[in-house]
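Proteins get letters first, then strands, A, B, ... in listed order; numbering begins at 1 in each. What's counted below: heavy atoms across the whole structure, side chains too, no hydrogens, waters or symmetry copies.
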Amino acid sequence: MRRVLAGLVAGVAVLAAGGFALTAPPAPDPALVLPQGDAAAGALVFAAAGCAACHSAPGSDAAEPPVLAGGTAFATAFGTFYAPNISTHPDAGIGGWTGAEVLHAIRAGVSPGRSYYYPVFPSHAYALMTDGDAADLLAYLRTLPADATPSRPHDVSFPFSIRRSLAVWRWLNGPPRWTGPDGPGPEVLRGRYLAEALGHCAECHTPRGALGHLDRDRWMAGAPAPSGDGRVPNLTPAALAWSQEEVTRYLESGFTPEFDVAGGEMVAVIANLAKLPEADRAALAAYLAALPPVKSD
Amino acid sequence: MSRPLLTAAVVTGLIATAAIAGSHAETNPTVKARQSHMQLNSFNLGKLGAMAQGEAEYDAEIAAAAAANLAALAALDQTAYWEPGTDAGTIEGTRALAVIWENPEGFAKLQADLAAATAAMAAVAGDGLEAVQGQMGAVGGVCGACHREFRVRQ
């Protein structure tokens with residue numbers, strides 16, 4: 001009996017050690033050498049990635065320059081998350097982090113203290129960001145004002161409160177990867193980069209499974225609004241009847257072809273997209289038109 | 001069940017379904033009033049927008065009339081449209097969020113902003129295409145600010 005017990009204890013210990021090793025967040029790649037970043041170009045990456053919409057203090061996402069004090073609340077089925085301070089403040093923000101730490105946080109979703117961020121932060125999208133854009137974004141972030149507001153801890157229930165449980169979510173969601181088509185033509189490819197790597201459109205426009213992973217078989221086919229009211233529209237050609245020109249215009253002005261005006265989260269998204277070159281909005285429209293049609297539920 | 005009886009049952013069922021569907025389609029009059037108001041807004045905004053976006057040729061008279069309509073609409077007293085208990089959480093057929101009644105000051109502020117933006121548009125809409133294009137963003141911005149906070153997603 002004692003031997004069985006000892007074996008059992010040893011077995012559990014091995015499993016726990018294995019689980020601990022398997023769920024360990026990765027370290028930054030020491031071999032990564034980034035090109036010199038350009039802050040002006042980084043401002044456009046910042047806009048395309050929609051950083052200010054979440055990381056500005058509530059209700060101040062239109063401020064210029066953006067003050068990334070954090071504090072906006074995201075109520076979800078797993079708990080309430082609060083966007084952290086990512087201003088250049090050395091203690092409250094990310095001013096004290098190395099460039100490699102900032103980019104590992106953005107693209108791998110791992111903090112300098114080596115713990116996973118909750119996927120309310122779309123690092124699985126940002127993982128697809130090019131080194132050039134990442135370097136530019138970093139250069140831009142370094143120019144922004146410091147704010148001393150401390151980040152508010154998330155209010156998340158067990159077992160989601162254990163950050164290592166996020167390894168399971170990561171496994172379910174799969175590795176960062178492209179989902180929409182890579183053509184025809186470079187315009188669709190650029191649109192895919194803007195939509196899937198920077199814009200993280202799918203976070204709201206794609207439905208999720210029970211544990212919050214994206215249902216890639218129904219990519220961009222619409223989903224219940226994360227805010228709890230209404231639905232986020234299906235953007236695949238099965239539902240979106242607007243011409244590419246109409247989509248391009250909407251992404252700049254917020255005016256639909258019927259001259260309704262965008263609301264909800266799209267107000268901030270459109271304010272950001274309006275800062276990009278016209279060709280980028282047209283690329284997004286081309287990407288949407290090239291998506292496989294998926295009927296709404 | 002015999003065939004006539006079955007037919008009668010099916011027909012009765014259909015009538016009942018139609019009656020239920022009909023009662024749902026019957027929109028609350030206050031909801032109908034504000035949706036009609038929004039319809040007039042988008043119709044007039046569409047006249048200006050088509051010119052601003054180069055879809056239609058600029059016509060000073062049409063532009064001035066559309067802008068005057070928008071300003072007149074925004075100046076209407078709408079108190080009776082926004083009757084408490086007519087939000088999307090309480091009744092069907094509306095996208096008005098309950099926060100309209102929870103944050104009346106914020107809602108009133110945006111109504112005043114719209115009155116100001118449309119009055120500014122009306123003051124210049126007859127002066128040329130560039131004047132219309134210059135004011136479109138301000139008008140659309142107020143529309144969006146209100147839809148952002150006070151309207152159900154879709």
Ranked by heavy-atom pairs below 4.5 Å to chain A, first place among A52(B), G144(B), G89(B) goes to G144(B)

Turns out that what part of Q39(B) lies under 4.5 Å from chain A's heavy atoms comes down to neither

Most heavy-atom pairs under 4.5 Å with chain B, out of M266(A), E265(A), E258(A), belong to E265(A)

Greatest number of non-hydrogen atom pairs under 4.5 angstrom with chain A, of G140(B), A88(B), A50(B), G49(B), falls to G49(B)

Okay, L97(B) and chain A: the region with an atom under 4.5 Å from a heavy atom over there is side chain

- Query: Does some side-chain heavy atom of T86(B) sit less than 4.5 Å from a side-chain heavy atom of T94(B)?
  - Reply: no

Item to complete: May I ask you to decide if the ring planes of F107(B) and F150(B) are parallel, tilted or perpendicular, using 30° and 60° as cut-offs?
Response: perpendicular

If one checks every heavy atom of A262(A) against chain B at 4.5 Å, the contacting part turns out to be backbone

> Do N272(A) and F46(A) touch side chain to side chain, with heavy atoms closer than 4.5 Å?
Replying inline: no

Q: Could you check whether the rings of W178(A) and Y193(A) sit parallel, tilted or perpendicular, using 30° and 60° as the cut-offs?
A: tilted

Checked R95(B), E149(B), M136(B) vs chain A; the most non-hydrogen pairs under 4.5 Å come from M136(B)

Under a 3.5 Å threshold, yes or no: a donor from one side chain and an acceptor from the other, between N234(A) and S296(A)?
yes

Q. Among side-chain atoms of E196(A) and Y287(A), is any donor-acceptor pair under 3.5 angstrom?
A. yes

